[in-house]
Amino acid sequence: MSDDKKLTSRGDNFSEWYNELVLRSELADYSPVRGCMVIRPHGYGIWERMQRALDDMFKATGHVNAYFPLFIPESFLSKEAEHVEGFAPECAVVTMGGGKVLEERLVIRPTSETIIYSMFAKWVQSYRDLPLLYNQWANVVRWEMRTRLFLRTMEFLWQEGHTAHATHDEAEVEARKMLGVYREFMEGHMAMPVITGLKTDSERFAGALRTYCCEAMMQDNKALQAGTSHNLGQNFAKAFDLSFQNEQGEQAFAWNTSWGVSTRMIGGLVMTHGDDAGLRLPPRLTPIQVVIVPIWKTDDERDATIAVAKRIAEELGSFKRPDHERIRVHVDDRVGIKPGAKYYHWELRGIPLRLEIGPRDLASQSGMLARRDTREKRAIAFDVLRAELPEILDQIQADMLTAARARLEANSIRQRISYDEFKNVMEGPGGFVYAGWNGDPAIEQRVKEETKATIRCIPDPEFRSPIAPTTCMVTGEPAKHEVIWARAY
RNA sequence: CGGGGCGUAGCGUAGCCCGGUAUCGCGCCUGCUUUGGGAGCAGGAGGUCGCCGGUUCGAAUCCGGCCGCCCCGACCA
């Protein structure tokens with residue numbers, strides 16, 4: 001057994017652990033194009049589960065899917081001043097087509113506000129046409145300097161919601177509602193607790209009135225912005241003449257929101273739950289929930305255990321079952337590979353449950369069930385699998401969230417600390433520091449330069465400290481907000 | 001775009017300083033024996049040493065240029 005079978009440990013080098021794990025668990029691979037990655041079936045399977053769950057939630061909140069083009073006329077980008085300033089530097093631009101120089105260059109969408117609101121403008125005349133509640137599943141391209149698998153790639157997959165409303169307040173409700181949807185998805189499906197809140201101006205989306213976000217804490221105590229929701233105000237409506245006649249018969253500009261989450265969440269999943277043995281996937285998002293490993297000595301035993309394994313898999317996972325009763329089972333019937341090697345294989349890939357079935361188990365009509373998250377192992381009778389597995393999977397899902405939440409709390413600092421102590425925290429263990437801020441962007445900038453930490457958000461009320469800080473951590477002046485400081489991805 | 005590192009079989013590497021046709025491990029193929037925590041033995045396949053040029057009788061090795069990747073910064077979902 002050689003050392004290259006062991007994963008770099010999180011403690012030794014977190015960043016190397018992450019890269020190695022993503023590659024070795026076959027979530028993704030580097031591609032021939034710089035900064036772009038190939039999402040392999042195991043990774044894409046997670047994305048498909050994410051899409052399905054989120055899409056259901058979007059539909060249940062009244063949204064519809066549509067699709068807008070990948071190419072955006074370059075002139076569209078520049079119609080909203082702040083937006084063009086924010087995105088122009090990172091745009092890929094098509095200058096040639098069909099062997100000819102294009103009359104107007106085409107930007108490959110970095111985000112679709114401009115093209116979508118230009119179309120909304122055609123479709124909206126009256127307040128009766130509002131609201132428009134659209135979503136699209138798409139790829140976008142941003143010319144990033146430095147890329148990392150899932151966390152920042154030049155092309156990534158995401159969903160972008162785009163809505164238009166008659167009033168500011170309606171748009172505000174929508175932006176907050178979708179932030180809540182994200183939070184519920186991240187906690188309920190990813191088992192990843194998040195802090196929701198408002199971005200400061202420096203971190204606000206280019207062209208938005210207000211940006212709300214979900215911030216998660218990774219195991220190296222750095223923050224990951226996992227989702228954003230923007231109240232765009234009337235900025236884009238004015239740029240694209242998205243106007244309507246209101247009940248009073250006056251022309252008015254619509255109010256827009258946009259909101260998105262991306263394949264970056266897969267990186268968050270890895271860094272939230274992974275351990276030194278590999279991935280740990282939450283039952284709701286894992287492509288395979290239970291892997292069955294048949295064990296044998298003789299050919300007869302091989303045939304018998306594989307037959308039983310397949311029968312169980314068929315019974316639990318049949319497509320004839322309604323979706324919510326179906327368990328995603330895989331039988332690892334590869335010959336010539338010892339059971340132990342299979343255990344390592346599936347542990348690396350994060351499959352929540354493993355069922356071992358050997359000759360002894362056939363006799364007793366039971367198997368050994370091992371949990372990936374806790375590594376507990378116990379016997380379970382075949383005839384209770386169908387009844388008990390869903391409960392066990394739910395338990396794993398819940399336990400993973402509890403564990404992640406405990407880690408988030410353990411690495412959050414709420415007691416008042418001095419700026420010097422803060423610097424030590426950021427140089428050392430890191431974490432989320434709740435502290436007062438005087439509201440001055442210059443202070444935010446200075447802290448960033450001195451500590452690499454940024455204000456992740458002004459947390460929503462339910463995340464704030466019982467006793468609000470009264471003074472700014474840096475200047476000692478009266479605090480305008482309680483904010484969360486952390487280094488971020 | 002600045003700093004650092006690295007490109008040798010599918011993967012990871014030795015060799016490079018000191019020039020003579022490439023080492024080892026994993027993986028892969030065949031056979032036999034194995035299989036309840038990473039199997040053993042035997043045999044075998046697989047290489048334009050990132051690319052281009054130079055020096056030399058001879059270059060993975062020395063020199064010049066280029067390309068790519070990773071890490072750390074600046075910038076960003």
Side-chain angles (χ1 to χ4, degrees), chain A residues 1-8 13-16 18-20 23-24 26 29-37 85-91 110-111 139-160 182 199 202-206 211 213-216 223-230 258-268 277-278 293-299 301-302 305-306 332-348 354-362 367-368 370 375 377 379 448-449 452 454 488-489:
Chain A
M1 191 187 330
S2 65
D3 280 340
D4 63 50
K5 289 191 172 175
K6 288 203 196 81
L7 204 56
T8 299
N13 185 339
F14 191 79
S15 153
E16 207 170 305
Y18 174 81
N19 284 333
E20 234 180 274
L23 294 171
R24 287 173 56 174
E26 297 180 334
D29 202 353
Y30 294 111
S31 80
V33 183
R34 178 189 83 84
C36 295
M37 67 173 183
E85 199 185 321
F87 280 103
E90 48 180 300
C91 281
T111 179
N139 59 337
V140 286
V141 169
R142 299 179 188 179
W143 213 261
E144 299 290 349
M145 296 293 198
R146 199 178 140 204
T147 58
R148 296 203 57 189
L149 293 166
F150 288 114
L151 302 174
R152 177 164 296 103
T153 47
M154 296 217 306
E155 179 190 11
F156 57 93
L157 306 184
W158 76 346
Q159 70 47 229
E160 44 181 329
Y182 287 157
K199 284 292 188 194
S202 70
E203 301 264 330
R204 190 170 39 82
F205 176 77
T211 290
C213 62
C214 294
E215 296 284 328
L224 182 77
Q225 179 175 306
T228 50
S229 181
H230 317 288
S258 69
W259 27 275
V261 293
S262 71
T263 38
R264 174 182 248 200
M265 289 191 295
I266 296 173
V293 178
I295 299 162
W296 62 81
K297 281 199 199 328
T298 67
D299 287 358
E301 286 170 351
R302 182 193 64 209
T305 53
I306 289 179
D332 188 350
D333 59 359
R334 291 176 293 172
V335 296
I337 297 176
K338 296 183 72 164
K342 293 182 181 178
Y343 301 166
Y344 283 102
H345 178 92
W346 295 109
E347 280 168 4
L348 177 65
R354 177 181 74 237
L355 182 63
E356 306 165 13
I357 301 179
R360 292 202 297 270
D361 303 312
L362 292 190
M368 290 301 292
R375 304 204 160 224
K377 221 167 142 170
K448 185 176 180 179
E449 280 160 16
K452 293 181 206 159
T454 51
Y489 275 95

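No hydrogens, no waters, no symmetry mates; every other heavy atom, side chains included, goes into these values. We name chains A, B, ... by the order of the sequence lines, and we start the count at 1 in each one.
For A:Trp296, the ring pair (Phe, Tyr, Trp, His ring centres under 6.0 Å) test picks out no residue, with sequence neighbours left out. Partners of A:Tyr343 under the ring pair (Phe, Tyr, Trp, His ring centres under 6.0 Å) rule, at least two apart in sequence or in another chain, do not exist in this structure. A:Arg354 is linked by a side chain to side chain donor-acceptor pair (under 3.5 Å) to A:Glu347, A:Glu356, counting only residues two or more places apart in sequence or in another chain. Among residues two or more places apart in sequence or in another chain, the side chain to side chain donor-acceptor pair (under 3.5 Å) test is passed with A:Lys448 by none. The salt bridge (charged side-chain N to carboxylate O under 4.0 Å, His left out) search around A:Asp332 returns A:Arg334, A:Lys342, not counting sequence neighbours. A search for ring pair (Phe, Tyr, Trp, His ring centres under 6.0 Å) contacts involving A:Phe205 returns A:His83, A:Phe87, A:His230, not counting sequence neighbours. A search for side-chain contact (heavy atoms from CB on, under 4.5 Å) contacts involving A:Ala341 returns A:Ile337, not counting sequence neighbours. Remark: A:Trp158 pairs with A:Glu160 by the side chain to side chain donor-acceptor pair (under 3.5 Å) rule, at least two apart or across chains. Listed by chain and number, the residues in a side chain to side chain donor-acceptor pair (under 3.5 Å) with A:Glu215 are A:Lys199, A:Arg456 (sequence neighbours excluded).
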Contact list (N/O, under 3.5 angstrom) for nucleotides 29-35 of chain B vs protein:
| unit_1 | atom_1 | unit_2 | atom_2 | d |
| --- | --- | --- | --- | --- |
| B:rU35 | O2' | A:Trp296 | O | 2.9 |
| B:rU35 | N3 | A:Trp296 | NE1 | 3.1 |
| B:rU35 | O4 | A:Trp296 | NE1 | 3.1 |

Close N/O contacts between protein and nucleotides 67-69 of chain B (under 3.5 Å):
| unit_1 | atom_1 | unit_2 | atom_2 | d |
| --- | --- | --- | --- | --- |
| B:rC69 | OP1 | A:Arg34 | N | 3.3 |

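In terms of polar N and O atoms assigned as donor or acceptor, the side chain of A:Arg354 comes within less than 3.5 Å of the base of B:rG37 in a complementary pairing.
Nearest nucleotide to the side chain of A:Arg148, out of B:rC1, B:rG36, B:rC71: B:rC71.
For B:rG36, the OP1/OP2 oxygens have no side-chain nitrogen or oxygen of A:Lys377 closer than 4.0 Å.
Going from atom OH of A:Tyr489 over to atom P of B:rC75 covers 18 Å, rounded to whole Å.
The strand RNA chain B forms stems, runs of 3 or more Watson-Crick or G-U wobble pairs with distances below 3.5 Å, at B:1-7 with B:67-73, B:10-12 with B:24-26, B:28-33 with B:39-44, B:50-54 with B:62-66.
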